[in-house]
Amino acid sequence: MRDIPGGLMLFAAGFGTRMRPLTDTRPKPLIRVAGQALIDHALAQTAGMTGLRIAANAHYRADQIVAHLSPRGIPVLVEQPKILDTGGGLRHALPQLGDGPVFTMNTDAVWSGPSPLELLAQAWDGARMDALLLGIPPQNAVGHGGQGDFISAPQGRVRRGSGLIYSGAQIIRTDLLHDMPPGAFSLNLLWDRMIAADRLRLLPYPGRWCDVGHPGGISLAEEMLNDV
């Protein structure tokens, strides 16, 4: 089995309720920031990564996601009648992504700094990891009021707590998905199993990152990009 991530899953199936009223007529991944759809900001992080198989999921106003990505040849897995959450959505997309570990990215953030995917690829060690999460130091997180999600303890062990903020980008082994029950489930379930087995790792991101989860995040992201 390959150990180098060869696929990228873009999570684009959310309802975007915190982005209303902007999401009354379009899905959140198509909200524009600095003249570019949010999902295109995610895709921009793949620049220079040749041969990467990319897939996305969609649920709310899925036809717009399909129309946006089809000219690029990116397959969109439409989840109906119910959304499958991150774990179920990733498992549903595996025929498009291939075997082995894959990248996953949320599509509601904007990045300023090195490619998060390239950093993850450089740090990935499948012999020691089942997943590698990219975390944002709170001082580098724009528009995010949380206290953090994960703490990297001595010897690389990871536990949940007020430390780095999960950026929405990771590498994860996909064979573990087949042990989960059918239907919808969150990748948090797998992460907890990995923490217990000491197989989850955390990588700090050296650049800046903006969570565009609400309308006010648009101007914050644009200010961040202009501040380069």
Side-chain angles (χ1 to χ4, degrees), residues 8-47 56-61 64-65 68-69 83 85-86 89 103-120 123 131-152 158 160-172 186-188 191 202-228:
L8 166 63
M9 176 66 179
L10 297 173
F11 290 121
F15 293 94
T17 53
R18 291 191 299 142
M19 285 292 283
R20 289 176 176 164
L22 297 178
T23 51
D24 287 344
T25 58
R26 72 181 68 182
K28 182 167 64 171
L30 297 187
I31 297 296
R32 300 184 76 81
V33 173
Q36 195 173 31
L38 277 170
I39 199 168
D40 293 337
H41 283 278
L43 284 168
Q45 306 309 314
T46 68
N57 65 349
H59 176 77
Y60 175 68
R61 298 192 177 273
Q64 295 184 33
I65 300 287
H68 187 80
L69 294 180
I83 196 168
D85 209 334
T86 51
F103 298 102
T104 78
M105 287 189 76
N106 294 345
T107 55
D108 58 357
V110 174
W111 304 79
S112 176
S115 165
L117 302 184
E118 291 186 0
L119 292 178
L120 286 167
L132 176 62
L133 312 185
L134 193 66
I136 310 295
Q139 66 271 21
N140 293 350
V142 178
H144 187 94
Q147 297 300 310
D149 304 297
F150 295 96
I151 297 171
S152 188
V158 172
R160 291 187 182 269
S162 299
L164 298 182
I165 299 160
Y166 176 53
S167 67
Q170 68 169 331
I171 295 173
I172 187 168
S186 170
L187 286 175
N188 276 287
W191 293 341
L202 190 61
L203 178 68
Y205 182 64
R208 300 177 73 199
W209 167 92
C210 184
D211 174 21
V212 190
H214 55 87
I218 296 174
S219 58
L220 291 174
E222 291 175 340
E223 290 173 10
M224 181 189 76
L225 293 173
N226 288 332
D227 197 32
V228 176

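Values reported hereafter were calculated over all heavy atoms of this structure, with side chains retained and with hydrogens, waters and symmetry mates removed. Since we're looking at a predicted model, the values are computed, not measured.
- In this structure, the separation between CD1 on Ile83 and OH on Tyr60 is 12.0 Å, given to the nearest 0.5 Å.
- Across every non-hydrogen atom of Ile172 and Ala131, the tightest pair is CG1-CB, 4.0 Å.
- The shortest heavy-atom contact between Leu120 and Ala169 is CD1-C, 4.0 Å.
- Between the side chain of Ser186 and the main chain of Thr86, no donor-acceptor pair closer than 3.5 Å is present.
- Every ring-ring contact (aromatic ring centres under 6.0 Å, His included) that Tyr166 has, sequence neighbours left out, goes to Trp191.
- Applying the side chain to side chain donor-acceptor pair (under 3.5 Å) criterion to Asn140, with sequence neighbours excluded, gives no partner residue.
- Residues Cys210 and Val33 form no side-chain contact, since every pair of their non-hydrogen atoms from C-beta on lies 4.5 Å or further apart.
- Counting only heavy atoms from C-beta outward, the side chains of Phe11 and Thr107 never approach each other to under 4.5 Å.
- Applying the salt bridge (charged side-chain N to carboxylate O under 4.0 Å, His left out) criterion to Asp85, with sequence neighbours excluded, gives no partner residue.
- Here the closest heavy-atom approach between residue Gly135 and residue Leu164 is recorded as CA-CB, 4.0 Å.
- At least one side-chain heavy atom of Gln170 sits under 4.5 Å from a side-chain heavy atom of Leu187.
- Although no hydrogens or angles enter the test, the distance criterion places no donor-acceptor pair under 3.5 Å between the side chain of Asn57 and the main chain of Gly89.
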Which donor-acceptor pairs under 3.5 Å do side chains of residues 215-222 form with protein atoms, sequence neighbours excluded?
unit_1 : atom_1 : unit_2 : atom_2 : d
Ser219 : OG     : Gly216 : O      : 3.2
Glu222 : OE2    : Ala34  : N      : 2.8

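- With sequence neighbours excluded, the residues that form a salt bridge (charged side-chain N to carboxylate O under 4.0 Å, His left out) with Arg208 are Asp227.
- The closest side-chain heavy-atom distance from Gln36 to Val110 is not below 4.5 Å.
- Applying the side chain to side chain donor-acceptor pair (under 3.5 Å) definition to pairs two or more places apart or across chains, those involving residues 14-31 are Lys28-Asp108.
- A donor-acceptor pair under 3.5 Å links the side-chain atoms of Tyr205 to the main chain of Pro114, judged by distance alone.
- The shortest heavy-atom contact between Pro29 and Ala12 is CG-CB, 3.7 Å.
- Phe150 places a side-chain heavy atom less than 4.5 Å from the side chain of Leu133.
- The aromatic rings of Trp111 and Trp209 sit perpendicular to each other, their planes meeting at more than 60°, with 30° as the lower class boundary.
- Remark: Leu38 CG to Asn106 CG distance equals 11.0 Å, nearest 0.5 Å.
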Q) Checking side-chain contact (heavy atoms from CB on, under 4.5 Å) for the pair Met19/Ile31: CA distance, chi angles, key distance, verdict? A) CA-CA 9 Å; Met19 285 292 283; Ile31 297 296; 3.7 Å; yes
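- Nearest heavy-atom pair, Ala141 versus Ile165, reported as atom, atom and distance to 0.1 Å: CB-CD1, 3.6 Å.
- How far CD of Gln45 is from CG of Leu10: 11.0 Å, rounded to the nearest 0.5 Å.
- In this structure, Thr104 and Leu8 have side chains that are not in contact, with every pair of non-hydrogen atoms separated by 4.5 Å or more.
- Leu30 places a side-chain heavy atom less than 4.5 Å from the side chain of His68.
- Closest approach of Ile39 to Leu69, counting heavy atoms only: CD1-CD1, 3.9 Å.
- Atom CE of residue Met105 and atom NE2 of residue His41 lie 11.5 Å apart, to the nearest 0.5 angstrom.
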